[in-house]
Amino acid sequence: MMLHTLENSAIQLEVNPGLARWSVSSRQPNSPSLENIQISLRYRRGITGIRLLDRWSEFSISEFETKRSPHGPLRQVKLVIDSEYEKVQCTLTFALPIHHPLLFWKISVKNQGDRPIHIDEIELLSAGYIHRSRAGPNGQIYFPDGGFRQGSQPNGPRPRSHPSNLAFFSNGWQSWSQSGSYKSNDRYRQTRLGFLRTPMVKNAQTPNSRRAGSFASDMYGVLGDQKFRVGLLFGFLSQRHHFGSLETWLGSSSPALRLWANGDGARLDPGEQIETDWACLQFLYLDTPDPLAPYLEAVTREHNLEQAKGRRTVSPSGWCSWYQFSGEDYIGRLTADDIHNNLEALHIMRDQLPLEIIQIDDGFETQVGDWFSFNQGFEDGLTSLATEIRNQGFVPGLWLAPFILHPKSELAARHPDWVLRNRLGRPVNAGFLWNSFSQALDLTHPDALTYVNDVIHSATREWGFPYLKLDFLYAAALPGRHRDPTRTRAQVLRSGLEAIRAAAGEDTFLLGCGCPIGPAIGIVDGMRVGADTATRWRPFYRGIESFLKEEATLPSAFNAAHNALSRSGLHKRWWINDPDCLLLRPETQLTQTEVETIASVIALTGGSLMVSDHIPNLPPERLKIAESLLPLIGKRPYILDWFDRSTPERVQLDLDGPTGPWHLIAIFNWDDQPRDLSLQLNDFYLKETGELYAREFWSGVTHLIPIESKSTRGLILEQVAPHGVVLFALRPRHSYSPQYLGSDLHISQGLELVDWQPDDGSLKMSLVRPGYSHGRIELATPHPIESASLNGTSIHWTAQTSGRYTFDLEFNKEAMIEIEYQ
Ligand code: 9PG
């Protein structure tokens with residue numbers, strides 16, 4: 001029997017061409033393994049359905065090393081597999097990057113016959129039974145039992161982890177689709193709104209099982225053992241060619257999993273070839289701070305994002321019109337005056353609230369699709385508005401939905417052939433929107449693509465918008481009868497996005513929204529990563545609440561926060577994450593606590609900050625919330641329980657400043673009831689062993705966490721409000737020197753501090769804020785304070801317990817503080 005093995009420092013691959021199977025194991029202890037994995041190809045010729053690659057009867061095999069790739073040198077095995085009867089040649093290529101703990105593989109298919117074929121599915125991995133249809137031995141995924149080997153013989157049954165420990169992290173197809181972890185007895189989240197909603201948020205070829213233990217995912221997914229803390233990531237490095245899907249079944253003693261590229265029935269003509277994107281496999285330990293980093297960063301490299309010029313990496317901030325001037329809470333239809341009024345207000349308070357972008361979000365166009373005809377209220381067009389925004393020193397931003405159409409749009413009436421249609425010739429349903437079934441453009445129609453180009457060119461080059469929010473982009477990836485039937489849905493969407501980037505130029509900021517995740521990587525600068533926010537915690541539509549409350553993709557503050565956390569690992573790797581807007585005004589159905597929670601999620605996950613209120617009406621205490629988020633921290637945090645809970649509860653962000661490193665720790669209560677939360681130091685990645693100060697940002701309460709036995713070290717936070725958060729700055733205590741403990745000036749409780757000069761009898765420090773500031777700082781000093789001054793004027797302080805002092809400060813931009821000890 002001829003076995004081919006290949007390995008790098010992390011992974012060992014064994015290919016058995018005689019059996020048409022392959023196996024992978026990790027070189028780290030206590031890791032899962034995959035044995036006798038199968039691949040397959042399903043296609044149609046005429047009305048005959050054909051399945052290949054169950055056996056590799058004729059093949060040639062070669063091993064070689066590729067010196068240069070985005071991932072450095074690769075060790076590769078390539079099998080060219082012919083079939084006796086079918087004139088279809090498949091090439092299966094494995095690659096092990098020498099410097100990364102990953103396995104890549106892909107399949108290419110060449111039509112060597114004289115008739116076209118239609119590719120349905122290229123299966124890159126199958127282990128265990130999900131569908132009972134398959135005959136013959138099937139591969140298996142073994143999970144270790146954490147070292148418990150008693151009673152297992154060398155050739156006896158393998159030890160397995162108990163199926164009830166298994167869990168699956170699922171990534172949603174597009175921006176609004178839910179991402180999160182499932183336990184083995186959970187049910188996969190899906191909409192109850194059926195065809196009104198499914199086409200928008202679910203990949204047409206990703207299954208939707210209702211059986212407990214049966215889950216699916218798009219682009220990547222993680223299978224793991226919650227007890228023994230090991231896992232496997234399966235995914236794709238890109239979706240340039242295909243939407244890649246996964247499904248898993250955790251209901252039997254060993255998990256089943258499939259990973260495949262959706263062929264979409266695209267036609268492969270004689271002599272033509274199609275290749276999957278690279279599939280990727282990674283072994284991981286769940287209790288490491290950033291377990292998915294190898295995969296997520298391989299995707300970054302695959303798109304050359306590290307080298308990409310012109311892509312910005314600093315999170316934007318701004319104002320957006322949508323959540324104030326639309327939906328249930330709208331205060332009259334949006335007009336240019338509303339934009340003026342907010343522009344004016346933001347201009348006046350620019351110092352305190354230094355936002356960059358003023359974004360017009362919907363409402364200006366007469367109909368979705370008719371981007372050159374403007375509503376009443378925008379008679380002067382958008383050019384003068386953009387000029388005005390620019391003249392006031394802001395960046396003009398515009399919302400467009402270039403791939404979707406309202407059925408009553410003039411565009412649909414004038415160009416029926418640009419509309420994507422099904423086999424019956426009826427427009428494909430792009431989701432129930434704007435009280436009708438919306439329609440999609442067929443971007444393989446050259447004239448439709450030209451129209452999209454014209455819209456983008458006009459918006460950026462003529463009207464003057466260097467920031468575009470591009471919405472409902474999934475419409476370009478719906479199944480239908482495309483004018484060019486040789487292209488997959490992923491290819492159609494990606495080429496549409498590439499055309500937009502070419503028309504907009506490299507200097508335009510493109511924000512994807514309602515956009516399938518994979519095909520946009522490397523093209524958009526920013527990406528909405530969750531559902532729309534709303535003026536309520538749970539989804540609500542025209543008085544209907546209880547039927548909708550579990551709808552994970554409908555607008556709601558909770559839904560937006562959920563995905564901002566579960567997808568935070570993508571931030572600053574694939575793009576800048578957009579967690580959607582912060583609604584500050586007291587007139588919403590959100591409590592003060594809920595607003596603080598959303599603000600905490602936005603600040604700690606590092607993405608963009610957009611506010612969406614009528615600014616002139618905002619009370620100062622609500623404005624202060626947004627002020628305290630600026631400048632944006634911008635960093636990606638650790639989400640500690642991303643695999644263990646559907647909605648993560650624990651977040652850690654490590655920061656550094658003139659007084660040394662500190663940690664921001666957030667703990668959320670997602671329950672609808674008050675609940676005791678506990679801060680257990682062991683739950684976080686902390687090196688400190690001594691006493692710690694923990695200052696709560698929203699309440700200003702400071703705790704001193706004593707040294708006790710390490711395992712029980714922590715705090716109990718009693719009766720945290722429903723949907724509330726406790727957000728700490730955690731710092732080791734130094735009893736011998738003065739310490740900065742935090743403030744209410746900035747949510748980081750420390751980035752406002754730019755200079756810190758302790759001396760024997762005194763302390764000098766400087767704070768910097770964008771504008772006029774009014775707030776409290778807290779210090780601990782080793783000696784009692786004798787005097788204190790702010791910018792040369794003496795100030796008061798309040799002594800707290802055990803050497804802590806608070807100072808109430810008012811200053812403009814800079815505060816020089818000098819303290820003398822007794
Ligand atoms: C503008 C809005 C905002 C928002 C986008 C997007 O299913 N729906 O009915 C539905 C309506 C609006 C919507 C998403 C879904 O919102 O996410 O930020 O730009 O369009 O129309």
Side-chain angles (χ1 to χ4, degrees), residues 172-178 191-202 316 318-330 333-334 338 357-371 375 397-407 409 429-440 465 467-475 478 510-516 520 524 526-536 539-542 544 548 551-557 559-560 563-564 577-583 598 602 607-613:
W173 182 50
Q174 59 113 309
S175 303
W176 305 329
S177 315
Q178 204 224 21
T191 176
R192 294 161 77 177
L193 302 174
F195 62 96
L196 301 175
R197 189 103 195 136
T198 304
M200 303 170 60
V201 292
K202 281 282 176 190
W319 176 88
C320 158
S321 62
W322 177 252
Y323 299 94
Q324 176 73 75
F325 297 97
S326 68
E328 310 139 44
D329 295 274
Y330 91 134
R333 209 182 44 167
L334 180 71
D338 299 318
I357 295 150
I358 305 277
Q359 190 231 318
I360 306 168
D361 200 314
D362 205 350
F364 61 91
E365 77 286 1
T366 49
Q367 204 62 273
V368 172
D370 298 334
W371 304 107
N375 268 330
L398 188 67
W399 176 90
L400 292 166
F403 300 157
I404 199 167
L405 296 177
H406 193 283
S409 63
N429 166 20
F432 189 76
L433 295 161
W434 316 298
N435 286 319
S436 46
F437 286 98
S438 59
Q439 303 177 359
F465 291 92
Y467 178 104
L468 297 182
K469 174 176 176 181
L470 303 169
D471 207 349
F472 295 93
L473 298 179
Y474 67 87
L478 296 172
L510 298 180
L511 173 66
C513 187
C515 184
V524 297
M527 179 69 114
R528 240 306 259 295
V529 292
D532 283 20
T533 195
T535 56
R536 294 175 185 257
F540 183 91
Y541 183 72
R542 299 190 178 172
I544 304 167
L548 298 178
E551 287 288 322
T553 70
L554 284 185
S556 90
N559 285 348
N563 265 33
N577 277 8
D578 170 14
D580 207 12
C581 297
L582 176 62
L583 308 189
I598 300 300
I602 293 174
S608 53
L609 169 68
M610 300 294 282
V611 297
S612 193
D613 298 289

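Nothing fancy with the numbering, it's 1 onward along the sequence. Order of listing sets the numbers, starting from 1, for every ligand and every atom in it.
At under 3.5 Å, a nitrogen or oxygen of D471, whether backbone or side chain, sits near a nitrogen or oxygen of ligand 1.
To the nearest 0.5 Å, atom CG of residue D613 and atom SG of residue C581 are 9.0 Å apart.
A side-chain donor-acceptor contact under 3.5 Å links N559 to the backbone of A552. Looking only at distances, no side-chain donor or acceptor of S177 sits under 3.5 Å from a matching main-chain atom of G172.
Counting heavy atoms closer than 4.0 Å to ligand 1, residue W399 contributes side-chain atoms (C-beta onward) but none from N, CA, C or O. Contacts between P555 and ligand 1, counted as non-hydrogen atom pairs separated by less than 4.0 Å, are absent for every part of the residue.
The aromatic rings of F432 and F437 sit perpendicular to each other, their planes meeting at more than 60°, with 30° as the lower class boundary.
The protein heavy atom nearest to atom 7 (O) of ligand 1 is R197 NH1, 2.5 Å. Counting protein heavy atoms only, atom 21 (O) of ligand 1 is closest to D362 OD2, 2.6 Å. In this structure, atom 12 (C) of ligand 1 lies nearest to the protein heavy atom F472 CZ, 3.9 Å. The shortest contact between atom 10 (C) of ligand 1 and any protein heavy atom is with L433 CD2, 3.6 Å. The nearest protein atom to atom 3 (C) of ligand 1, hydrogens excluded, is given as D361 OD1, 3.4 Å; this is a heavy-atom distance. Here the heavy atom of the protein found nearest to atom 2 (C) of ligand 1 is W322 CE2, 3.4 Å.
For ligand 1 and K469, the ligand atoms under 4.0 Å from any heavy atom of the residue are 3 (C), 4 (C), 18 (O), 19 (O). Proximity to M200 (heavy-atom distance under 4.0 Å) selects the following atoms of ligand 1: 7 (O). Each of the following atoms of ligand 1 lies closer than 4.0 Å to a heavy atom of R528: 17 (O), 18 (O).
Taking 4.5 Å as the limit, every side-chain heavy atom of I358 sits out of range of all side-chain heavy atoms of Y467.
Residue G514 places every heavy atom at 4.0 Å or more from ligand 1.
The residue among T533, D532, D580 with a heavy atom at the shortest distance from atom 13 (C) of ligand 1 is D532.
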Please report the C-alpha distance between F403 and L470 in whole Å, then the side-chain angles of each, then the deciding distance to 0.1 Å, and finally whether the side chain to side chain contact (heavy atoms under 4.5 Å, CB included) criterion is met. CA-CA 9 Å; F403 300 157; L470 303 169; over 6 Å; no
Can you check side chain to side chain contact (heavy atoms under 4.5 Å, CB included) on W434 and V368, steps first, answer last? CA-CA 9 Å; W434 316 298; V368 172; 3.8 Å; yes
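S612 and Q324 share no donor-acceptor pair across their side chains, judged by distance under 3.5 Å alone.
W399 pairs with exactly one of D471, L468, I360 by the side chain to side chain contact (heavy atoms under 4.5 Å, CB included) rule, that one being D471.
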